[in-house]
Amino acid sequence: MSDSAATVWFLDTSSLLSMALDEEIEAAILDEIGADRVVIIDIVHDELTHRAGIPETAGLAKKTLDRIRPHWTVMDTRRYVSLEEVQLAQEDVADGRTLTDDMQHWAESTIIALARRSASASFTSVKMLLSEDYDARRVACNVPNTRGVSIHALLYERVQHNRMTAAAAAALGAILQAAGRGPAVTASDFADPTRRGLGRVARP
């Protein structure tokens, strides 16, 4: 992997679907990303394409695919990490729990394997995993120069750094909750400097 960018964002399927729900959610995330490089791994792109062909999920999946920016990189991960490296990361994410299927956490585990490979090569670019998978974020945060963050945590940090109001963050949280893509949150949760109100979703 190239070390040419200071920060590289990896967006998983869940975060991309949530971004496609509402233009303001998308705008807040894109504002945080700024000019940083964005990578969509092949597994995420393939999953979205698969969902776009299923009637129950086609609408949001197609919308998500349409919103992938032309300058974002779609990465063929097979060039960079092995099956064994991904499986090892998957085991770390599962943390002893039985997987519901062989592909559970697979995209996130692939991103973690990529970050580990980058760290072993002494690349210093920061890898950001935007994911709603708590355990994937937990493992990612143990990789040098890598951080896992949820959408709610991203909104929380925007509030804490005065880049948006707590009320605005809560309004976006309500959209996510209504779509079944997030917990119930309040403006007080986003304003609380201890971060306790958001629970695990906000603590990678």
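All figures in this text were calculated on a predicted structure; none of them were measured in a lab. Just so it is clear, the values below take in all heavy atoms, side chains as well, and ignore hydrogens, waters and symmetry mates.
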- For Met128 and Thr7, what are the C-alpha separation, side-chain angles and deciding distance, and is it a side chain to side chain contact (heavy atoms under 4.5 Å, CB included)? CA-CA 7 Å; Met128 296 289 294; Thr7 302; 3.7 Å; yes
How about [X]: does its [atom1] atom have over 12 heavy atoms from other parts shown lying under 6.0 Å from it?
X     : atom1 : value
Arg67 : CZ    : yes
Gln87 : CD    : yes
Arg97 : CZ    : yes
Asp95 : CG    : yes

Compare all side-chain heavy atoms of [X] with those of [Y] and state whether any distance is below 4.5 angstrom.
X      : Y      : answer
Ile112 : Asp92  : no
Val39  : Trp72  : no
Val185 : His152 : yes
Lys127 : Val143 : no
Trp106 : Ile43  : yes
Leu114 : Phe10  : yes
Asp101 : Gln104 : yes
Gln160 : Pro193 : yes

- Message: Does anything in residues 160-176 form a salt bridge (Lys or Arg N to Asp or Glu O under 4.0 Å)? List the pairs, not counting sequence neighbours.
- Response: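 Checked against salt bridge (Lys or Arg N to Asp or Glu O under 4.0 Å) - neighbours excluded - the pairs reaching residues 160-176 are Glu32-Arg163.
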- Query: For Asp133 and His105, does a side-chain donor sit closer than 3.5 Å to a side-chain acceptor?
  - Reply: yes
- Do you see a donor-acceptor pair shorter than 3.5 Å between the side chains of Thr49 and Asp46? no
What are the two closest heavy atoms between [X] and [Y], and how far apart are they?
X      : Y      : result
Ala113 : Ala89  : N-CB, 4.4 Å
Ile25  : Ser18  : CG2-O, 3.9 Å
Val159 : Ala169 : CG2-CB, 3.6 Å
Val149 : Arg137 : C-CD, 3.4 Å
Glu108 : Ala136 : CB-CB, 3.5 Å
Cys141 : Gly148 : SG-N, 3.4 Å

Between [Y] and [X], is there a salt bridge with N-O shorter than 4.0 Å?
X      : Y      : value
Glu132 : Arg181 : no
Lys63  : Asp66  : no
Arg195 : Asp189 : no

- Message: Can you list everything that forms a side-chain contact (heavy atoms from CB on, under 4.5 Å) with Glu91? Sequence neighbours excluded, please.
- Response: Leu88
- Message: Test your reading of the model: is there a side-chain donor-acceptor pair from Thr194 to the backbone of Asp192, 3.5 Å cut-off?
- Response: no
- Examine distances only and state if a side-chain atom of Arg117 and a backbone atom of Tyr80 form a donor-acceptor pair shorter than 3.5 Å.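 Yes.
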- Let me know which of Arg51, His45, His50 forms a side chain to side chain donor-acceptor pair (under 3.5 Å) with Glu47.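 Among the candidates, only Arg51 passes.
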- Task: Sort out for me which residue in Val44, Ile111, Thr110 forms a side-chain contact (heavy atoms from CB on, under 4.5 Å) with Thr77.
- Result: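 One option only clears the test, and that one is Thr110.
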Hey, could you give me the [atom1]/[atom2] distance between [X] and [Y], rounded to the nearest 0.5 Å?
X     : Y     : atom1 : atom2 : answer
Thr73 : Ile68 : OG1   : CD1   : 11.5 Å
Glu24 : Asp22 : CD    : CG    : 5.5 Å
Leu60 : Leu17 : CG    : CG    : 5.0 Å

- Item | Full working for side chain to side chain contact (heavy atoms under 4.5 Å, CB included) between Leu99 and Gln90 | CA-CA 9 Å; Leu99 296 171; Gln90 186 187 38; 3.5 Å; yes
- Would Trp9 and Val139 show up in the same hydrophobic cluster when neighbours are defined by side-chain heavy atoms closer than 4.5 Å?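 Different clusters.
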- According to a 4.5 Å side-chain heavy-atom criterion applied to Ile, Leu, Val, Met, Phe, Trp and Tyr, with indirect links allowed, do Leu130 and Val93 form part of one hydrophobic cluster?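 Shared cluster, no.
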